[in-house]
Q: 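Please read through the structure below; I'll follow up with questions.
Numbers for residues simply follow the sequence, beginning at 1. First listed ligand is number 1; within each ligand, the first listed atom is number 1.
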Amino acid sequence: MSMIIANNRPEKFPDWTLQKWQDIADLIAETIAIPAALIMKTENDFLEVFISSQTKNNPYIAGRKEKRDGLFSETVIKTQAKLLVSNATKEIGWDKNTDLKLGMIAYLGFPLNFPDNRPFGTLCVLDNKERSFTLLNEKLILQFKNVIELDLALMKSFDLKSNQLTTTLAQETVKRQQVNEELRASEERFKLLFNKAPLGYQSLDFDGNFIEVNQQWLDNLGYDQEEVIGKWFGDFLPPAHQDGFRKQFAAFKEQGRVHSEFEMVHKNGSLLFIAFEGEIGYDLYGDFKQTHCILQDITELKLSESMFRDIIEKNPMSIQILNMEGYVIQINPAHTRLFGACPPADYSIFKDTQLILQGFGKLFDRIKKGEVVYFPDSYFNVQNVDPSFPDSPVWTKAIGFTLNTNNGIPNRIVLMHENITERRHAEALLNDIIDKNPMSIQIVDIDGFTVRGNPAYTQLFGAIPPPDFSIFTDLESKGPELEKLISIAKNGEIVHLPDIYFNAHDVVSEVPDNPLWIRALIFPLKDSSGKPEQFVFMHENITERKTAEHELIAAKEKAEESDMLKSAFLANMSHEIRTPMNGILGFSELLKTPGLTGTEQLEYISIIEKSGKRMLNILNDIIDISKIEAGLMKIDLSETNINQQIEYIYTFFKPEMEAKGMMLAFRNSLPAKEAVIRTDREKLYAILVNLVKNAIKYTEKGTIEFGYVTTGSPTKLTEFQFYVRDTGIGIPKDRIEAIFERFIQADIPDKMARQGAGLGLTIAKSYVEMLGGKIWLESEEGIGSTFYFTLPYTTEPEINNRIPDDGSENKVITDVLQLKILIAEDDEISEKLISINVKGFSKEIIKAKTGIETVAICRSRPDIDLILMDIQMPDFNGYEASRQIREFNRDVIIIAQTAFGLTGDREKAIEAGCNDYIAKPISKNELLALIKKYFKY
Ligand code: ADP
C-alpha cells in the first residue's frame with residue numbers, strides 16, 4: 001500500500017471543516033443517544049481519533065492514536081464495509097478489543113474514503129452497553145458519511161491545486177538547475193574544443209579584424225596570440241588575395257554564413273591550403289556581433305589528393321577503377337591509349353565474353369573476395385566489345401585488387417594493365433631465333449638443368465640431356481678454371497668457356513660415341529632484380545677446326561724443326577762439304593802438274609777418290625735424315641736373314657780393318673736357317689754399317705766385334721739384340737745421351753782427327769725405333785764402347801718363300817760373265833763412267849741417248865741382258881721408256897739410275913717395270929752387287 005504511505009503527508013484541514021465535522025459527531029451522538037460518535041483517521045500504522053463527539057461518558061479524546069490492529073475501524077477500512085457489533089464481549093474475536101478497555105462493547109461504523117477511494121478512516125459510533133442499531137440510525141450516519149466524504153473531495157481538489165503549484169515550482173527549479181549544469185558542461189566542452197580541437201577557430205569583428213583565435217589556429221599558422229589579435233585578416237592572406245577577401249567578407253556578412261577554401265600565409269612564408277566554415281554571430285537585437293569561423297589546414301589533403309590524381313592520370317600503366325559489378329567508374333588516359341577506346345557505360349568487365357572465354361571469371365571472383373590477383377597474359381580487342389571501336393588487339397598482363405571502405409568492405413576494383421604486346425612479339429621472335437638458329441642453343445636453369453634445347457642442339461649432341469644432368473656440375477668437375485668461370489657466369493656475367501672436349505655419349509648412352517670439341521658461351525638471363533634466373537649456352541662445333549689446328553701446330557713444329565735442321569745443316573755441313581771438295585779440287589789441280597811420278601799420281605787419285613766417297617756419304621746421310629724428318633722414310637718389311645747381313649758386312653769391312661792392322665770379328669748366335677726375321681733389310685744393313693763404320697773410325701788398335709744374341713726361350717724368341725764392340729777412344733759419360741742427337745759429335749779432343757757430320761747415330765736410332773727396337777750404348781773413355789740395339793722377333797713361319805740359304809740361289813757373277821748391256825744415258829760423263837765400270841763383265845755395250853731411242857733399240861735387240869736406264873732423259877723419261885719396253889719384253893733386267901736419291905724414286909721405278917734402282921754417283925761395288933743379284937757368274 002505504498003500509495004497510502006506516499007499520500008500520508010500532513011493534510012491541512014481548513015477550520016471550517018473541523019468545526020463542521022465536530023458538529024456532525026455531536027449531532028449523531030445526541031440524535032441516536034450514544035456516548036461516542038467518532039471520525040477516525042488513518043495515520044500510518046495507527047488510527048487517530050480525529051473528531052470525537054462532545055458527549056458525556058465519551059472516553060475518546062481527539063488526537064489520540066491507537067495501533068490499528070484489532071480495532072473495529074481497522075476492520076471497516078480493510079473490508080470497506082459497514083461493521084456492526086452489538087456486544088463485543090459476546091463475540092469471539094472482539095473480546096480482546098482495545099475499546100473494551102474503555103468500556104465500549106457495541107460498535108457501528110462506516111468507511112470514509114477520499115474521492116479516489118483512498119481510505120481516509122471511519123465514521124463510527126460506540127456504546128458501553130449492548131445495542132442493536134436501527135435502520136434509521138444507520139441512515140443518519142450514512143448521510144453524514146456522504147457529507148464528510150464530500151468535504152474530503154472538496155478539500156482534495158484544493159489540495160491538488162496547491163500541490164500542483166508546488167510541483168511546478170519545484171520542477172522549474174530543478175529544470176533551472178539542470179540548465180545551469182548543462183550550460184556549465186557545455187561551456188567546459190566548448191572551452192576544451194576551443195583550445196584542444198584539431199580545428200582552428202577565429203572570430204573577426206565587423207571590419208574583419210581578429211577578436212579571438214584558438215591555439216590550433218596559432219599552431220597552424222605559426223603565430224603567437226599577440227601577433228594576431230586586433231590585426232586584419234587580409235594580412236594573413238597572400239597579397240594578391242586581399243582584395244578578394246574584402247568582397248567575400250562583405251558577402252559573408254550579408255549571407256550570414258560562408259564556406260570556402262583558400263590559401264593563407266604561414267609565419268615562415270609558406271602557403272597553407274585552408275578549408276573555411278563560417279557563421280555570423282548576432283547580438284540580442286539581431287545586429288552583427290562577430291564572426292565564428294572554423295579553419296582546417298587541408299594542405300596535406302590537397303597535396304595527397306592531387307598526388308593521387310596525378311598517380312592515376314599520369315600513370316603510364318593503364319588503370320581502371322570499377323564498381324563491384326564491374327562497371328567503369330574511372331579510367332586513366334593510359335588505359336584509353338592502351339585499348340584504343342573507353343568502354344561504354346553499360347559495359348561490365350565481368351560480362352565480357354572474350355575475357356570469360358580466357359577463364360578470367362574465377363579470377364574476378366577472387367578479386368571480389370579481396371585477393372590481389374595477377375592475371376596471366378591475356379589478349380584483348382576493344383572491337384569485340386563494340387564493332388565501331390578500332391581494331392586494336394593488345395596483349396596485356398594485369399593485376400587486380402579491391403579498394404575497401406573504412407569498415408574493410410570492398411567497394412571498388414582496381415585493374416592495372418601492362419602492355420606486353422611487344423614483349424609477346426619479341427618472345428615469338430625469340431622463339432623463332434632460338435628454334436631456327438643454326439647454332440646450338442641450350443637454356444638451363446639456375447642449377448644447370450636443361451630447360452630447353454633448340455633443334456641445332458639436338459642435332460649437334462644427339463639428344464637433350466636427362467633432367468638430372470646439370471651442365472654446371474659437369475663443367476665444374478672438369479677443373480678449377482671452369483669452376484671459376486661457372487661461378488662468374490652465375491654472378492651474371494657473360495662467359496666464354498675455353499675449348500671443351502665433350503662426348504654426349506657419356507651423358508646419354510643411346511647417343512653415338514662421338515667426342516666433339518666445343519666452343520661455348522654462357523649468357524645469363526636475369527630477372528627484374530638483375531639476378532640470373534636462367535642461362536643460355538651457345539655451342540659451336542670446332543672439332544674440325546681443332547683437328548686442323550692440331551695438324552697445323554704439328555706441321556708448324558715440323559717446319560720449325562726442319563728450319564732448325566736447315567740452319568744446323570748449313571752451319572755443320574759447311575765444313576764437312578768443303579773439306580772433301582778441297583781435297584778433290586786441290587788434288588785434281590795437282591794432277592795436272594807435268595812430270596809427276598806414277599806413285600805420286602796414284603796417291604793424288606786415291607785422295608780424290610776418298611774425298612769423293614766422303615762427300616757422297618755426307619750427302620747420303622743428309623738425304624736419309626731429311627726423309628726421316630719429313631716423315632717420308634718408309635719401312636719395307638721382308639724376310640731377312642740376319643746371318644747373311646752380318647757376314648756381308650764382315651766381308652765388306654774386313655779388308656779395311658786388316659789394312660788398319662786391327663781385327664774384325666762377328667758372332668751369329670743362331671744357325672743361318674733360324675736367323676730369319678721379318679724386318680726392313682736395307683735399314684738393318686744401314687744401322688749395322690753405321691755402327692761398324694763408327695767403331696772403325698774411332699778405334700786405332702785392338703778388336704772390333706759385332707753380332708747378335710737372342711732373348712726369350714729357345715722355342716719362343718722375343719727379340720734379337722745386336723751389338724758392335726770396339727776398343728776405341730770411348731765416349732765421356734755426359735755425352736752418351738747427346739750423341740744420338742742430330743749433328744752432335746762427342747765433344748772430345750780427339751774429334752778433330754775424325755771426319756763425320758754427326759748424323760750417323762741419329763739415322764741409326766731412327767731406323768731402330770722405326771723397326772720397333774731401341775738403341776743404347778755402354779762406353780768407357782780410353783777403353784772402348786759397345787753399341788746395342790734390339791729388333792723384335794717377328795716372323796711368319798707359314799710363309800715359305802723365305803730367303804734361301806746362304807748363296808744357294810744367287811746368280812754367280814764370274815769374270816767370264818759376258819752380258820749385252822744397253823746404257824740409256826744422255827749425259828756423256830755419266831755414260832762414260834758406267835761404260836768403264838761394266839766393261840769387265842760385258843760382251844757388248846750399246847748406247848742410247850733418248851727414251852725413244854732406248855725403246856727402239858730394245859725392240860730390235862731382244863738379246864740384250866741388262867738395261868741401265870737413266871730416268872732423266874730428253875723426250876720421255878726412263879719410267880716411260882721402261883713401261884713401253886715391258887710391253888714387249890718382260891725378261892730383260894732394267895736397273896734405273898737417278899741423280900736425286902729421293903723417296904719414291906725406287907717405288908716409281910719398280911712400278912714402271914724396272915727390276916731395281918741405283919742412285920748416282922754409281923759406285924763400282926754397288927753396281928757389282930746389284931748385277932750379282934741378277935746374274936750368275
Ligand atoms: P759422326 O759422323 O761424327 O761419326 P755419328 O752420329 O756417327 O756422327 O756419331 C756421333 C758422335 O759420337 C761422333 O762424332 C763421336 O764423337 C761419337 N762416337 C760415335 N761412335 C763412337 C765410337 N764407337 N767410339 C767413340 N765415339 C763414338
Q: Which atoms of ligand 1 have any heavy atom of Leu759 under 4.0 Å away?
A: 6 (O), 8 (O)

Q: For Phe720 and Tyr708, take the angle between the two ring planes, folded into 0 to 90°, and tell me which bin it lands in: parallel under 30, tilted 30 to 60, perpendicular over 60.
A: tilted

Q: When you look for heavy atoms under 4.0 Å from ligand 1, do you find them on the side chain of Thr699, its backbone, both, or neither?
A: neither

Q: Under 4.0 angstrom from ligand 1, any heavy atom of Lys697?
A: yes

Q: Would you mind checking if Lys697 and Glu656 are paired as a salt bridge, meaning a charged N to carboxylate O distance below 4.0 Å?
A: no

Q: Below 4.0 angstrom, N of the basic side chain to O of the carboxylate: do Lys765 and Glu769 qualify?
A: yes

Q: Check Lys847 with Glu825, please: is the shortest side-chain N to carboxylate O separation under 4.0 Å?
A: no

Q: Tell me the contacting part of Leu761 for ligand 1: side chain, backbone, both, or neither, using a 4.0 Å heavy-atom threshold, strictly below.
A: both

Q: Any idea which of Ile739, Asp726, Ile696, Thr762 brings a heavy atom closest to atom 23 (N) of ligand 1?
A: Asp726

Q: Hey, is Phe787 touching ligand 1 through its side chain, its backbone, both or neither, going by heavy atoms under 4.0 Å?
A: side chain

Q: Against ligand 1, does Ser785 come closer than 4.0 Å with any heavy atom?
A: yes

Q: For the side chain to side chain contact (heavy atoms under 4.5 Å, CB included) test, which of Thr710, Ile677, Thr794 pairs with Leu717?
A: Thr710

Q: So Tyr788 and Trp776, would you call those rings parallel, tilted or perpendicular, with 30° and 60° as cut-offs?
A: parallel

